[in-house]
S.K.: 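First, the structure itself, so that you have it in front of you.
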Amino acid sequence: MTTHHTRPLAFTGPAVQASVVRHAKNYLIGPEAIVINPTPTPVPLAHTPAKAIEPLTSTVLTHTRIEHADTLLVLRPATGLDAHPTDAITRETGWQHLTDRLTDQGNPNAFPATTPLFTSPQDTAATIHLDPAHLLKETPTPTDIRPFDLKVNLWYAPAGTDCLIHNSHDFIEVHTQIQGLGRMQKFTADDPATRYEDIRMAPGYTTPDPFCSTRPDGTYHYPWHQYYADTDALWLALEFHAR
């Protein structure tokens with residue numbers, strides 16, 4: 001028997017159909033879609049040999065059954081995964097330039113208005129129970145499982161955009177490429193000349209290992225990092241916020 005609960009995410013629209021699927025059993029992915037497992041538990045696929053979507057990873061599935069999953073994110077760009085996104089998505093309901101979003105939040109001048117980085121509405125997609133230290137591979141077994149709000153939103157930037165080097169978040173994050181090509185970059189300082197790692201991203205790829213580590217006070221230590229758009233690019237941010 002097939003069971004699940006599905007709802008559209010706040011940023012679903014003409015350019016991308018996006019939904020969260022909860023408590024899935026024998027769930028069919030029909031037309032081609034990016035399927036993300038945002039949980040600390042593998043999601044088994046109904047195929048032989050038996051394989052799974054590993055925690056905090058994603059894949060591209062077509063006409064595939066998922067045996068069971070607590071939470072899935074499913075995204076389908078209207079023009080297909082191989083197309084480059086266009087800036088038309090930034091004119092959909094709720095999209096803003098990051099400068100305008102931060103101004104609305106009381107942080108004017110926190111981001112350069114000349115950088116063409118746009119963000120969709122954010123959706124609290126689910127509650128995920130996890131142990132941060134275990135998720136970040138700092139401990140071999142989970143011992144401190146707590147609820148986290150999974151918040152997700154899309155980002156768009158045109159080709160050649162440096163999306164600002166930064167090193168501060170009060171949450172755990174990973175990113176999934178939806179359309180176009182980009183990369184997550186790491187730096188030793190707030191200086192592009194200090195770049196030491198590029199993680200190349202194509203549609204359907206999620207950075208599986210969050211960049212951060214835990215601090216004794218429960219906050220997170222991030223390296224200097226940024227997203228860079230090689231082509232016009234659309235990607236998804238997944239943020240895990242402690243309750």
Side-chain angles (χ1 to χ4, degrees), residues 20-24 34-45 50-59 66-73 75 122-155 163-178 182-192 194-202 204-228 235-243:
V20 56
V21 181
R22 302 298 314 281
H23 313 303
I34 296 171
V35 181
I36 305 163
N37 174 14
T39 78
T41 304
V43 170
L45 304 180
K51 297 295 180 180
I53 308 174
E54 295 300 323
L56 269 58
T57 69
S58 58
T59 190
I66 289 170
E67 291 186 357
H68 56 82
D70 176 78
T71 305
L72 297 170
L73 302 175
L75 288 87
Q122 190 174 68
D123 192 313
T124 301
T127 299
I128 307 294
H129 290 82
L130 59 87
D131 176 346
H134 179 64
L135 188 74
L136 298 174
K137 301 179 180 178
E138 297 168 355
T139 58
T141 57
T143 59
D144 183 23
I145 297 175
R146 295 179 272 126
F148 284 71
D149 288 328
L150 171 62
K151 299 185 178 184
V152 293
N153 64 275
L154 290 171
W155 294 90
C163 295
L164 192 66
I165 300 172
H166 57 289
N167 72 342
S168 179
H169 293 301
D170 59 358
F171 49 80
I172 300 170
E173 71 170 1
V174 294
H175 299 85
T176 302
Q177 192 74 23
I178 306 301
R183 61 185 94 173
M184 291 299 301
Q185 300 178 317
K186 297 180 187 178
F187 307 82
T188 59
D190 186 9
D191 179 349
T194 67
R195 185 180 74 227
Y196 69 90
E197 185 175 3
D198 272 324
I199 301 172
R200 303 297 178 107
M201 300 175 65
Y205 179 80
T206 296
T207 51
D209 293 319
F211 291 174
C212 62
S213 60
T214 58
R215 293 189 175 109
D217 64 358
T219 60
Y220 303 107
H221 175 248
Y222 276 86
W224 293 99
H225 64 284
Q226 74 164 1
Y227 181 91
Y228 175 82
W235 66 101
L236 180 76
L238 295 84
E239 303 175 358
F240 297 85
H241 293 253
R243 287 280 181 89

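Since this is a predicted model, take the numbers as computed values, not measurements.
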S.K.: Tell me whether Thr176 contacts the main-chain N or O of Thr206 through its side chain, where contact means a donor paired with an acceptor under 3.5 Å.
M.R.: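 Here the side-chain-to-backbone pair does not exist.
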
S.K.: With rounding to the nearest 0.5 Å, note down the distance linking NE2 in His221 to CG in Leu136.
M.R.: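 Going from the NE2 atom of His221 to the CG atom of Leu136 covers 13.0 Å.
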
S.K.: Search all heavy atoms of Arg22 against all heavy atoms of Ala126 and return the closest pair with its distance.
M.R.: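 That would be NH1-CB, 3.8 Å.
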
S.K.: Could you check, using the six-membered ring where one of them is a Trp, whether Trp155 and Tyr227 have ring centers closer than 6.0 angstrom?
M.R.: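 Aromatic pair excluded; centres sit 6.0 Å or further apart.
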
S.K.: What pair of heavy atoms forms the shortest contact from Thr71 to Asn37, and how long is it?
M.R.: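 Thr71 and Asn37 have their closest heavy atoms at O-OD1, 4.2 Å.
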
S.K.: Nearest 0.5 angstrom please: Asn167 CG to Tyr222 OH, how far?
M.R.: 11.0 Å

S.K.: Under the criterion side chain to side chain contact (heavy atoms under 4.5 Å, CB included), which of Asp70, Asp131, Leu56, Ile128 is the partner of Pro40?
M.R.: Ile128

S.K.: Closer than 3.5 angstrom, by distance alone: can the side chain of Thr194 be matched with the main-chain N or O of Ala189 as a donor-acceptor pair?
M.R.: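 Such a contact is found between Thr194 side chain and Ala189 backbone.
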
S.K.: Given side-chain contact (heavy atoms from CB on, under 4.5 Å), test Thr127 with Arg243 step by step and report yes or no.
M.R.: CA-CA 9 Å; Thr127 299; Arg243 287 280 181 89; 2.6 Å; yes

S.K.: In sequence, state the C-alpha distance, the side-chain angles, and the governing distance for Leu75 and Leu154, and then conclude on side-chain contact (heavy atoms from CB on, under 4.5 Å).
M.R.: CA-CA 11 Å; Leu75 288 87; Leu154 290 171; 4.1 Å; yes

S.K.: What closest approach, in Å, do Met184 and Met201 show between heavy atoms, and which atom pair accounts for it?
M.R.: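 Minimum heavy-atom separation between Met184 and Met201: CG-SD, 3.5 Å.
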
S.K.: Taking the six-membered ring for Trp, is the centroid-to-centroid distance between His225 and His169 below 6.0 Å?
M.R.: yes

S.K.: Rounded to the nearest 0.5 Å, what separates atom OG1 in Thr214 from atom CD1 in Ile172?
M.R.: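 Answer for the OG1-CD1 pair, Thr214 versus Ile172, is 8.5 Å.
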
S.K.: Is any side-chain heavy atom of Asp170 less than 4.5 Å from a side-chain heavy atom of His241?
M.R.: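 SC-SC contact between Asp170 and His241 confirmed.
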
S.K.: Measure the CD-CD1 distance between Gln177 and Ile34 for me, rounded to the nearest 0.5 Å.
M.R.: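 CD1 of Ile34 is found 8.5 Å from CD of Gln177.
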
S.K.: Report the distance from atom OG1 of Thr41 to atom NE2 of His129, rounding to the nearest 0.5 Å.
M.R.: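 If I round to the nearest 0.5 Å, the distance is 11.5 Å.
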
S.K.: Measuring from Leu130:CG to Ile145:CD1, what's the distance to the nearest 0.5 Å?
M.R.: 8.5 Å

S.K.: Could you go through Arg200 and Tyr205, starting from their C-alpha distance and side-chain angles, then the distance that decides it, and tell me whether this counts as side-chain contact (heavy atoms from CB on, under 4.5 Å)?
M.R.: CA-CA 9 Å; Arg200 303 297 178 107; Tyr205 179 80; over 6 Å; no

S.K.: Side-chain contact, heavy-atom cut-off 4.5 Å: Ile36 with Leu236?
M.R.: yes

S.K.: Can you confirm whether Leu238 sits close enough to Leu73 that some side-chain heavy atom of one is under 4.5 Å from a side-chain heavy atom of the other?
M.R.: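 Yes; the side chains approach each other to less than 4.5 Å.
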
S.K.: Indicate yes or no: at least one non-hydrogen side-chain atom of Tyr220 is less than 4.5 angstrom from one of Pro210.
M.R.: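 They are not in contact (no side-chain heavy atoms under 4.5 Å apart), so the answer is no.
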
S.K.: Given the ring of Phe171, does Lys151 sit roughly above its face, with NZ or CZ under 6.0 Å from the centre of the six-membered ring and within 45° of the axis?
M.R.: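 Not flagged: Lys151 not positioned over aromatic ring of Phe171.
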
S.K.: What is the minimum heavy-atom distance between Pro132 and Phe148, and which atoms define it?
M.R.: CG-CZ, 3.4 Å

S.K.: Side-chain contact, heavy-atom cut-off 4.5 Å: Glu54 with Pro42?
M.R.: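 Sidechains of Pro42 and Glu54: in contact.
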
S.K.: I'd like to know whether Phe211 forms a side-chain contact (heavy atoms from CB on, under 4.5 Å) with Ile199, so could you lay out the CA-CA distance, the side-chain angles of the two residues, the decisive distance to 0.1 Å, and finally the verdict.
M.R.: CA-CA 11 Å; Phe211 291 174; Ile199 301 172; 3.6 Å; yes

S.K.: Quick one: are Cys212 and Glu173 in side-chain contact, heavy atoms under 4.5 Å?
M.R.: no

S.K.: Any side-chain heavy atom of Ile165 within less than 4.5 Å of one from Gln185?
M.R.: no

S.K.: Does a side-chain heavy-atom distance below 4.5 Å link Val20 with Asp123?
M.R.: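 The answer is no; the side chains never approach within 4.5 Å.
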
